[in-house]
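Structure, as structure tokens:
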Amino acid sequence: MKEVILIKLGEIVLKGLNRKSFEDRLVKNIKHRLHFVGPCKVKNSQSIITVTPIFDDVDIDDVAQCISKIFGIAAFSRACAAEKDIDKIKETAGIYLADQFRRIKSFKVEAKRSDKKFPFTSPEIAREIGGYLAELYPDVAVDVHNPEAVVTIEIRDDAAYIHSEVLKGAGGIPVGTGGKAAILISGGIDSPVAAYMMSKRGIELTAIHFASPPYTSERAEEKVVSLLKKVSEYSGRITMYTVPFTKLQEEIRDKCHEEYFTIIMRRLMMMIAQIIAQKNDCQALITGESLGQVASQTIGAIACTDDACSMPVFRPLIGMDKEEIIEISRKIDTFDISIQPYEDCCTVFTPKHPRTRPVLKNVVAEQNKIDFEKLIGEAVENVRITEI
Ligand code: ATP
Ligand code: MG
């Protein structure tokens, strides 16, 4: 039996005058994402987006899976369309709900009639269909107060839709309506989660990864690509910039005092990231930092890092515990990739005793021992681009 997907709009409905552009963007995102699943018709009318597979071989499970990861959707249902004739609706509902009605003990029917030309009122439709289903499935009782399943009949302009299960959407707001930002992505647990969280707030992502071959391997970079692929199931496509970071790190190692290694490295990362971000119309940087997690994530260290760039830096994990971050990483399926043991440039040349309370003027003095402007220029010139 041919199924469609009905999408209820999420937070978008609160956006007043912007609503139209939010809806248009959501429809565009849905079309773009479904492109990889199979050809579907996507129609937005009467506050509901209807997704209809064009060919029978499009797998509706795959379509539903894809829809469940698109931000801006609060809830959706799988539904069956019937001709707008009360007997046809009964017959279709009887067949469509058969599997579910074998499992449940009670139900009720609700009806919504947005096509006012349909010759039955909503309560009449509910009564008619409810009576029919009760007779067809005598073991399932009608219970208007506490039913196990609520069958909804929606009489819309193009057809009557029957559905009974409301599935949770990804929430958030449509990607692209919140501007563009660059995520500094490592192979760790935190940064993919940070990327997901900002994408959920409507931000389109660009990714920047620092690699230090031969200290970091090609496998480590492939791991980052795998992580971004997972994130892109939610965020849509991402362009990744891989920055060659070896020379800078070697210079820091050779010329700066060991206890400042990490903080100087992080400052240079921010400077480079800002240049790449600006070139790509990004308005902010995103990191996976969480306060107090490691020595480079104390307030003092973060202040020193922030001083190196003028763009806003979003740190969505700043107040979260590791356990909370891990929970999200499991949900978005990045955890198992993140824990694969490949080295990150941050773990190369790490000092035994990093400064947890760095003094900015001392950090800057240390940093000035290297010709960082020249090295940054070279690094930016040699970035590699990968489309995710
Ligand atoms: P993560 O799990 O995201 O690696 P972490 O807890 O290991 O974070 P750090 O290694 O100190 O913390 O890194 C802090 C943040 O700096 C990361 O969340 C990420 O945004 C950025 N970062 C670290 N390493 C890299 C890298 N190789 N390339 C790009 N960004 C990086
Ligand atoms: Mg890390």
Side-chain angles (χ1 to χ4, degrees), residues 181-199 205-213 215-225 227-228 230-231 238 240-246 248-249 252 261-277 282 284-298 301-302 304-306 308-309 311 313-326 328-330 332 334-351 354-356 358 379-380 383-384 386:
I183 170 76
L184 279 78
I185 183 106
S186 69
I189 294 170
D190 305 332
S191 40
V193 172
Y196 159 84
M197 284 174 74
M198 294 320 301
S199 170
L205 299 174
T206 288
I208 300 173
H209 175 65
F210 294 87
S212 290
Y215 307 105
T216 60
S217 65
E218 221 164 89
R219 296 289 296 276
E221 209 182 309
E222 282 162 16
K223 179 183 172 187
V224 176
V225 171
L227 287 169
L228 285 175
K230 288 284 180 191
V231 172
I238 303 172
M240 168 180 165
Y241 295 85
T242 306
V243 183
F245 206 47
T246 318
L248 281 140
Q249 283 197 287
I252 301 172
F261 279 6
T262 308
I263 193 80
I264 293 174
M265 183 189 72
R266 299 202 56 78
R267 283 171 58 87
L268 299 185
M269 278 184 169
M270 299 313 261
M271 290 181 205
I272 294 172
Q274 172 160 281
I275 295 170
I276 297 171
C282 295
L285 301 176
I286 306 166
T287 74
E289 288 160 302
S290 161
L291 195 64
Q293 203 185 78
V294 287
S296 63
Q297 298 177 19
T298 60
I302 287 175
C304 278
T305 312
D306 257 2
C309 69
M311 267 186 171
V313 180
F314 294 156
R315 297 180 170 90
L317 313 186
I318 198 72
M320 290 171 76
D321 289 347
K322 197 74 185 185
E323 275 313 310
E324 294 167 319
I325 300 168
I326 288 175
I328 300 178
S329 79
R330 286 192 197 279
I332 64 172
T334 52
F335 183 75
D336 289 337
I337 304 172
S338 291
I339 57 172
Q340 289 169 14
Y342 297 113
E343 62 301 308
D344 179 55
C345 73
C346 277
T347 50
V348 180
F349 317 139
T350 33
R355 285 248 148 180
T356 51
V380 171
V383 291
R384 246 181 321 104
T386 313

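Start at 1 and go down the list; that is how both ligands and their atoms are numbered. We count residues from 1, following the sequence as given.
Among all heavy-atom pairs drawn from Ala379 and Leu248, the shortest one is CB-CD1, 4.0 Å. Heavy-atom minimum distance, Ile183 versus Ala194: CD1-CB, 4.1 Å.
When each atom of ligand 1 is checked for a heavy atom of Gly188 under 4.0 Å away, the hits are 1 (P), 2 (O), 4 (O). Residue Ile185 has at least one heavy-atom neighbour below 4.0 Å for each of these atoms of ligand 1: 26 (C), 28 (N), 29 (C), 30 (N). For ligand 1, the atoms lying closer than 4.0 Å to a non-hydrogen atom of Thr287 are 20 (O). Heavy-atom contacts of Ile189 reach the following atoms of ligand 1: 2 (O) (cutoff under 4.0 Å). For ligand 1 and Ile208, the ligand atoms under 4.0 Å from any heavy atom of the residue are 29 (C). Less than 4.0 angstrom separates some heavy atom of Ser191 from each of these atoms of ligand 1: 1 (P), 3 (O), 18 (O), 19 (C), 20 (O). Numbered from 1 in the order shown, with element, the atoms of ligand 1 that lie under 4.0 Å from a heavy atom of Gly288 read 17 (C), 18 (O), 20 (O).
Looking at Ile263 and Thr305, their side chains come closer than 4.5 Å, going by heavy atoms from C-beta outward. You'll find the side chain of Ser338 stays beyond 4.5 Å of the side chain of Ser329, heavy atoms only.
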*Run the numbers on Leu268 and Ile252 for side chain to side chain contact (heavy atoms under 4.5 Å, CB included), then give the verdict.*
CA-CA 10 Å; Leu268 299 185; Ile252 301 172; 3.7 Å; yes
*asked:* Determine whether Ile328 and Met320 satisfy the following criterion, side chain to side chain contact (heavy atoms under 4.5 Å, CB included), listing intermediate values before the conclusion.
replied: CA-CA 11 Å; Ile328 300 178; Met320 290 171 76; 3.6 Å; yes
*For Leu291 and Arg315, run side chain to side chain contact (heavy atoms under 4.5 Å, CB included): C-alpha distance rounded to whole Å, both residues' side-chain angles, the deciding distance at 0.1 Å, then the answer.*
CA-CA 10 Å; Leu291 195 64; Arg315 297 180 170 90; over 6 Å; no
*Could you walk me through whether Ile326 and Glu323 pass the side chain to side chain contact (heavy atoms under 4.5 Å, CB included) check?*
CA-CA 5 Å; Ile326 288 175; Glu323 275 313 310; 4.2 Å; yes
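Counting heavy atoms closer than 4.0 Å to ligand 1, residue Ile183 contributes nothing at all.
Every N/O-N/O distance between Gly187 and ligand 1 stays at or above 3.5 Å. At under 3.5 Å, not a single nitrogen or oxygen of Ile286, backbone or side chain, sits near a nitrogen or oxygen of ligand 1.
Considering Lys322, Met269, Arg315, Arg266 only, the shortest heavy-atom separation from atom 15 (C) of ligand 1 involves Arg266. Ranked by closest heavy atom to atom 9 (P) of ligand 1, the top entry among Met270, His209, Gln297, Glu221 is Gln297.
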